[in-house]
Amino acid sequence: MAEDRTTHFGYREVPETEKARLVGGVFHSVAARYDLMNDLMSGGIHRLWKRLTIELSGVREGQRVLDVAGGTGDLAARFSRIVGSSGRVVLSDINESMLGTGRNKLLDHGVCANVDFALADAEQLPFADASFDCITIAFGLRNVTHKERALESMLRVLRPGGRLLVLEFSKVAQPLEKAYDWYSFKILPRLGKLVAGDDASYRYLAESIRMHPDQAELKALMKQTGFGHVDYHNLTGGVVALHVGIKC
């Protein structure tokens with residue numbers, strides 16, 4: 001019998017078949033404090049990153065939007081207001097705890113009339129071809145076992161001319177590297193332990209960022225997958241990059 005293929009879970013090599021379960025455990029652990037930790041980790045700047053994502057999406061009233069790995073629903077809530085009653089937003093996530101947290105938050109804010117919720121694997125999206133005008137995935141692609149399969153799946157359900165926006169941690173500018181590494185590996189796990197009672201999950205977060213393709217590599221992967229035009233925008237010195245791919 002052939003040996004299992006391996007992939008990375010942070011800096012660890014694990015069987016490919018195990019990664020989804022391990023990542024699921026991370027997000028089940030942090031779901032309840034996810035929004036609070038985002039604010040603390042980024043000093044609230046993640047809200048500006050997401051605002052730019054919305055602005056560059058080009059989404060209009062009446063359109064259909066899919067937010068993959070949408071977690072606690074920040075982007076879905078904003079898209080809901082833009083597309084209005086004639087449009088539709090689908091908030092999807094593979095993790096039941098994260099999706100439940102997002103659904104409860106949107107219900108509490110009265111943002112559900114035009115939002116559907118789907119427990120879905122980014123690599124095998126359960127939607128018809130060419131179903132959506134825009135797809136977003138924010139801080140989720142690095143956790144996917146097979147990134148190329150997820151990109152292919154998103155391309156399939158995107159309409160011709162539609163946009164995929166990938167908001168993800170990336171390669172920081174060189175002058176920031178030492179300070180960023182110190183913060184990521186010394187401060188972040190301690191913050192996770194203090195606020196979420198979980199330092200290991202935030203150590204994984206820091207490691208997973210380093211294992212994710214950099215700006216140029218992700219652009220090349222998106223082009224290779226079949227997106228006709230791909231561009232990216234470095235945000236906060238490259239801490240985060242926003243890739244925009246258009247389906248021909």
Side-chain angles (χ1 to χ4, degrees), residues 26-27 30-61 63 65-84 87 89-93 95 97-112 114-115 117 122 134-143 163-173 176 179-180 183-184 187-189 191-192 194-196 198 201-202 205-206 208-209 212 215 218 231-244:
V26 167
F27 285 95
V30 303
R33 294 297 181 98
Y34 186 79
D35 285 340
L36 175 60
M37 280 297 295
N38 274 352
D39 281 333
L40 293 173
M41 286 188 301
S42 72
I45 298 174
H46 73 98
R47 299 177 187 277
L48 299 178
W49 299 333
K50 290 170 183 173
R51 185 182 300 169
L52 180 63
T53 303
I54 298 287
E55 289 174 359
L56 294 185
S57 72
V59 167
R60 303 184 303 277
E61 186 174 355
Q63 291 191 322
V65 179
L66 171 63
D67 186 20
V68 178
T72 57
D74 282 352
L75 290 176
R78 298 181 194 193
F79 280 128
S80 171
R81 291 190 286 271
I82 295 170
V83 303
V89 177
V90 177
L91 171 59
S92 75
D93 204 290
N95 187 278
S97 298
M98 291 293 289
L99 188 63
T101 300
R103 182 173 54 239
N104 291 340
K105 185 169 82 173
L106 267 60
L107 281 168
D108 289 345
H109 287 81
V111 186
C112 271
N114 61 351
V115 180
F117 302 90
C134 179
I135 300 174
T136 55
I137 179 167
F139 308 112
L141 187 61
R142 75 180 185 284
N143 297 307
R163 297 182 187 186
L164 168 66
L165 294 101
V166 181
L167 182 65
E168 188 55 89
F169 293 108
S170 200
K171 177 76 172 175
V172 298
L176 300 176
Y180 187 55
Y183 173 77
S184 297
I187 303 302
L188 190 55
L191 192 60
L194 180 65
V195 177
D198 184 350
S201 290
Y202 287 93
L205 168 65
S208 70
I209 292 168
H212 185 66
Q215 291 90 328
L218 181 53
D231 204 356
Y232 66 83
H233 308 268
N234 278 326
L235 310 178
T236 317
V239 170
V240 164
L242 175 59
H243 284 70
V244 182

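Because only heavy atoms are used, hydrogens play no part in the values below, and waters and symmetry mates are left out as well, while side chains stay in. Everything numeric in this text was worked out from a predicted model, so none of it was measured.
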(Q) Measuring only between side-chain heavy atoms, which start at C-beta, is Phe169 closer than 4.5 Å to Val239? (A) yes
Q. Mind checking what makes side chain to side chain donor-acceptor pair (under 3.5 Å) contact with Ser80, not counting sequence neighbours?
A. Asn114
Q. To the nearest 0.5 Å, how far apart are CG in Leu106 and CZ in Phe117?
A. 5.0 Å
Q: Kindly indicate whether the side chain of Leu167, heavy atoms from C-beta on, has any atom under 4.5 Å from the side chain of Lys50.
A: yes
**Q.** Phe79 CZ to Thr53 OG1 distance, which is reported to the nearest 0.5 Å
**A.** 7.5 Å
(Q) With a 4.5 Å cut-off on side-chain heavy atoms, are Leu191 and Tyr202 touching? (A) no
Q) When you measure from the side chain of Arg163 to the backbone N and O of Leu56, does any donor-acceptor pair fall under 3.5 Å? A) yes
Q | From OG (Ser208) to CG (Asn143), nearest 0.5 Å | A | 5.5 Å
Q. Side chain of Asp93, backbone of Gly71: donor and acceptor closer than 3.5 Å?
A. yes
Q.
Among residues at least two apart in sequence or on other chains, which ones pass side chain to side chain donor-acceptor pair (under 3.5 Å) with Thr236?
A. Trp49
Q | Spatial distance of atom CZ (Arg60) from atom CD1 (Ile82) [nearest 0.5 Å] | A | 11.5 Å
Q: State which residues pass salt bridge (Lys or Arg N to Asp or Glu O under 4.0 Å) with Arg142; sequence neighbours excluded, sorted by chain then number.
A: Glu168
Q: Look up atom CZ in Phe139 and atom CG in Leu75, then write down how far apart they are to the nearest 0.5 Å.
A: 9.0 Å
Q: Starting at CG of Asn38, measure out to NE2 of His46 and round the result to the nearest 0.5 Å.
A: 5.0 Å
Q) Can you list the residues that meet the side chain to side chain donor-acceptor pair (under 3.5 Å) rule with Thr136, with sequence neighbours excluded? A) Asp67
**Q.** Shortest non-hydrogen separation from Ala241 to Asn234 and the atoms involved
**A.** CB-OD1, 4.0 Å
Q. His212 side chain to Ser170 main-chain N or O, any donor-acceptor pair under 3.5 Å?
A. no
Q.
Looking at every heavy atom in both Leu165 and Cys134, which two are closest together, and how far apart are they?
A. CD1-SG, 3.5 Å
Sequence neighbours excluded and cut-off under 3.5 Å, please list the side-chain donor-acceptor pairs for residues 30-37, or say none.
| unit_1 | atom_1 | unit_2 | atom_2 | d |
| --- | --- | --- | --- | --- |
| Arg33 | NH1 | Val195 | O | 2.9 |
| Asp35 | OD1 | Thr72 | OG1 | 2.6 |
| Asp35 | OD2 | Lys105 | NZ | 2.9 |

**Q.** Atom NZ of Lys171 with >12 non-hydrogen neighbours under 6.0 angstrom
**A.** no
Q | Under the salt bridge (Lys or Arg N to Asp or Glu O under 4.0 Å) test, residues paired with Asp39 that sit two or more places apart | A | Arg47
Q) If we only count heavy atoms from C-beta on, is the Leu141 to Leu218 side-chain gap below 4.5 Å? A) yes
